[in-house]
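So the structure is just underneath, and the comments pick up after that.
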Amino acid sequence: MPQKTKTTNIFVAGVGGQGILKFSNLLCEVAMNAGLDVKKSEIHGMAQRGGSVTTHVRFGERVYSPLIPQGSADYMVSMEHLESLRHIAFLDKKKGKLIYDPYEIAPPEVYTAQREYPGDIEERLAKFAPNRIKVPAFEKALEIKNPRAQNVIMLGALSTLLDFDDALFEEVIKQGFKEKFVASNIKAFKLGKELAKG
Amino acid sequence: MNKNNKKFLSGDEAVAQGAWEAGCHVAAAYPGTPSTEILEAVVTYPDIYCEWSTNEKVAYEVALGASMGGARALYASKHVGLNVAADPFFSSAYIGSRGGLVIVTADDPSMHSSQNEQDNRYYGIAAKVPVLSPSDSQECKDFTKLAFEISEKFNVPVIVRLTTRTSHANGVVVCEDRKPVPVKGYEKNIQKNLILPMFARKLHASLEERMLALKDYSDSAEINRIEKGTESTGIIADGVAYTYAKDAYPDAWFLKLGMMHPLPEKKVRELASKVKKIFIVEENDPVIETAVKALGISCIGKERVPRVLELNPDRLRAAFFDEEPEALDLGDMPGRPPALCPGCSHRPVFEILGRLRPIITGDIGCYTLGALPPFNAMDTCVDMGASITVAHGIRKALDQVKDENEKTKKIVAVIGDSTFYHSGMTGLANAVYNNAAITVVIMDNRITAMTGHQQHPGSGKTLMGKEAYEIDPQDVAKAFGVKHVWVVDPYDYAKTKEVLKQAIALEEPSVVITKRACPLYDRSIWKKPYWVNEDECIGCKTCIRLGCPAISFKAGEKKSYITPVLCTGCSVCAQVCPKGAIHAAEDKDN
């Protein structure tokens, strides 16, 4: 398994309010409980106000830098279409995989009618991320009437690519949410796994 | 090792854990990114009294007083916060500590959420205070504990210098139990605690001696360590930059500096004897580099390692090996800068001020975003509290110009509630005392919003959750002698506009308090989402110019649209719509 010998790099992107930080925390807890060294770096503050949010997650035997070098993310998880493209330089183009939600959130220039949301993101992504899995997590989250579960659906999708037991994920979900939300998030996690398998 | 002793903590949280384990008794801070979470974590531990102080100077003096009272005390702020506290900080180096006194400064290379990237390691040099520089969460915890010990052993305050990538990076931390330390109590000692010149002269000499002892300590300390490499290159690094260098050049020799000031001279010389070339890897300024060069040791520093913006493994590979990551041409795309939230009570005020077009001096908070489109309603932003004082200064300058148009220009200072208590009050007292015809708009959203909703003297609760007297800014303004004071709900657009016009027209100091809670803080003010009747909408974009993320413009149909899940029902768009095309949810039901 790669993460036992080399550091696994996972870059996470999205927009403030999408649960990017929660997603990253759950993922890191899984890696820590599996006995690995883990580092995570994120930016908050001003960026909370509807800005881009990114986190770097790294785990392995011994991790130094909390930041992922460009072109070396094994996985990139993005919860918003445009944000997938904005940060794509972090993905290892040859061996890395993009797991992304095509959900679109208008940035200020778009909602103030100064320009349109780019219509060619898929074509551009094809160039920089030949290996990618589209996961319509937000759409599915609305279907199960739990719009806040987008991040946990994405976590389920990512879990299919990592060598951690489902039990580890389910344990951190149990610890990470209030009791009344645990069942719905376990359900969302399983849904994400199904979506990734296609 | 027991798994349960491991926690996945941010550097800020690890500082709190370290303070708790060290037996810290008192912690004081004013919120500021990236340091805010330190006190937010401290409050979750028992046994530590903690508070949001009104500003950093106050927090520092509270911590210093606690140290004089024999308690172990922690001060925390962002880098620029220590500027506010610089006066007591410098004096405290002379005074030293009774209970351990630890100063945590969280610097912000790259200015992710700050106005500058000043390097606070210089404060240690300037004030003659040791500086510990942790590289990850485990060290944030360990060094905080160690800092209390050093502080008491050497009778000095100790700086623990974090940066955004240690404060807001998480790592696995092995946690231990608290070691209770008794509070020593107060002991009168004016030669130490009262810095009259006659005492201070002796204290300065004693401080120089304390620094000499600390220099020896630095050379013997385990946190300054040489790591063997397999190549003839050596790297001297501190803080998170060490971890980037480890990734970028794993085969090099390292001198890892846990205490970067005073510099461990013997260890620097030892490294120099082992390698042919030395890189100094440090973020921002050449602080270590200057000290190493002063020893007569040649090294490569800022000519290769960038000084501006934070470092990362990519920038270091470029510095070491000229390796640049591949530049990708992603094509043009819209940016995603931060914006005022839907329902933000600042929005209508900026929309109105943008129309009235006075000179607008700004301050530090979410509302600094009023400077950006679509409002463009801010001319200056300097530091906490400067809106009022800079307005005052501009007024005194314009009073002396000959041109009548210039002379009669109106000046409005905008300041948030927390910033007003922080350092706006003294400026307002000054404006009244020295009679400056300015209007001060206190944007009172009931909480310190930008840093994530911390309590302050006007919000009725303390950090520890106790009820507190709510200071009313209206009472403050009146007590200071401001004759014209209004309180208005900014959700009432017409009234707010009328009041602002009246206030700005005056030739005397005036205060307008726009009072409405931050909708992210107080969800009880949310109403059902508003909606646009497309038959009535004429596509004039007046509502779009509010810059509300909940309102978008459908280019094809030329109609505005409100995204229901984002709308908080503040009604401001409905009030500015010239056709009355925007309606409350209730109108739809009928």
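A note on names: the letters A, B, ... follow the listed sequences, proteins ahead of strands, and every chain is numbered from 1.
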Quick one: of [options], who has the most non-hydrogen atom pairs under 4.5 Å with chain B?
{"options": "A:E29, A:R58, A:E116, A:E83", "result": "A:E83"}
{"options": "A:K40, A:K93, A:E109", "result": "A:K40"}
{"options": "A:A106, A:S24, A:P147, A:P108", "result": "A:P108"}
{"options": "A:G71, A:A113, A:G35", "result": "A:A113"}
{"options": "A:D37, A:T112, A:L85, A:V63", "result": "A:L85"}
{"options": "A:C28, A:P107, A:S65", "result": "A:S65"}

request  = Please state whether the rings of B:F375 and B:F350 are parallel, tilted or perpendicular, taking 30° and 60° as the class boundaries.
outcome  =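 Rings of B:F375 and B:F350: tilted, 30 to 60°.
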ask   = Between A:F90 and A:H56, how do the two ring planes meet: parallel, tilted or perpendicular, split at 30° and 60°?
value =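 Correct class here is perpendicular.
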Which portion of [X] sits near chain A, non-hydrogen atoms under 4.5 angstrom:
{"X": "B:D329", "result": "backbone"}
{"X": "B:L316", "result": "neither"}
{"X": "B:I551", "result": "backbone"}
{"X": "B:K554", "result": "neither"}
{"X": "B:V240", "result": "side chain"}
{"X": "B:Y561", "result": "neither"}
{"X": "B:P313", "result": "side chain"}
{"X": "B:P325", "result": "side chain"}
{"X": "B:C344", "result": "neither"}

Is [Y] paired with [X] through a side-chain N to carboxylate O contact shorter than 4.0 Å?
{"X": "B:E139", "Y": "B:K256", "value": "yes"}
{"X": "B:E227", "Y": "B:K246", "value": "yes"}
{"X": "A:D74", "Y": "A:K6", "value": "yes"}
{"X": "B:R165", "Y": "B:E283", "value": "no"}
{"X": "B:E351", "Y": "B:R545", "value": "no"}

key: Rounded distance [0.5 Å steps], CG in A:L27 versus OG1 in A:T8   =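 Taking CG in A:L27 and OG1 in A:T8, the distance rounds to 10.0 Å.
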Tell me, side chain or backbone of [X] under 4.5 Å from chain B's heavy atoms, or both, or neither?
{"X": "A:V38", "result": "both"}
{"X": "A:E123", "result": "neither"}
{"X": "A:I105", "result": "both"}
{"X": "A:Q70", "result": "both"}

ask   = How about A:E171 and A:N33: does a side-chain donor come under 3.5 Å of a side-chain acceptor?
value = no
Winner by heavy-atom pair count (cut-off under 4.5 Å) against chain A, out of [options]:
{"options": "B:D136, B:L566, B:L372", "answer": "B:D136"}
{"options": "B:A248, B:A241, B:C548, B:P250", "answer": "B:C548"}
{"options": "B:D332, B:T563, B:V565", "answer": "B:D332"}

query = Hey, mind stepping through A:F59 and A:V57 against side-chain contact (heavy atoms from CB on, under 4.5 Å) and telling me if it holds?
reply = CA-CA 7 Å; A:F59 47 82; A:V57 173; 4.0 Å; yes
task = Applying ring pair (Phe, Tyr, Trp, His ring centres under 6.0 Å), run through B:Y242 and B:F254 and close with a yes or a no.
result = CA-CA 9 Å; B:Y242 160 79; B:F254 276 83; 5.6 Å; yes
inquiry  = With a 6.0 Å cut-off (strictly less than), is the heavy-atom count around CZ of A:R124, excluding the residue itself, greater than 12?
reply    = yes
request  = Count the heavy atoms of every other residue, nucleotide or ligand shown that sit under 6.0 Å from NZ of A:K187, and state whether that count exceeds 12.
outcome  =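 No, not enclosed.
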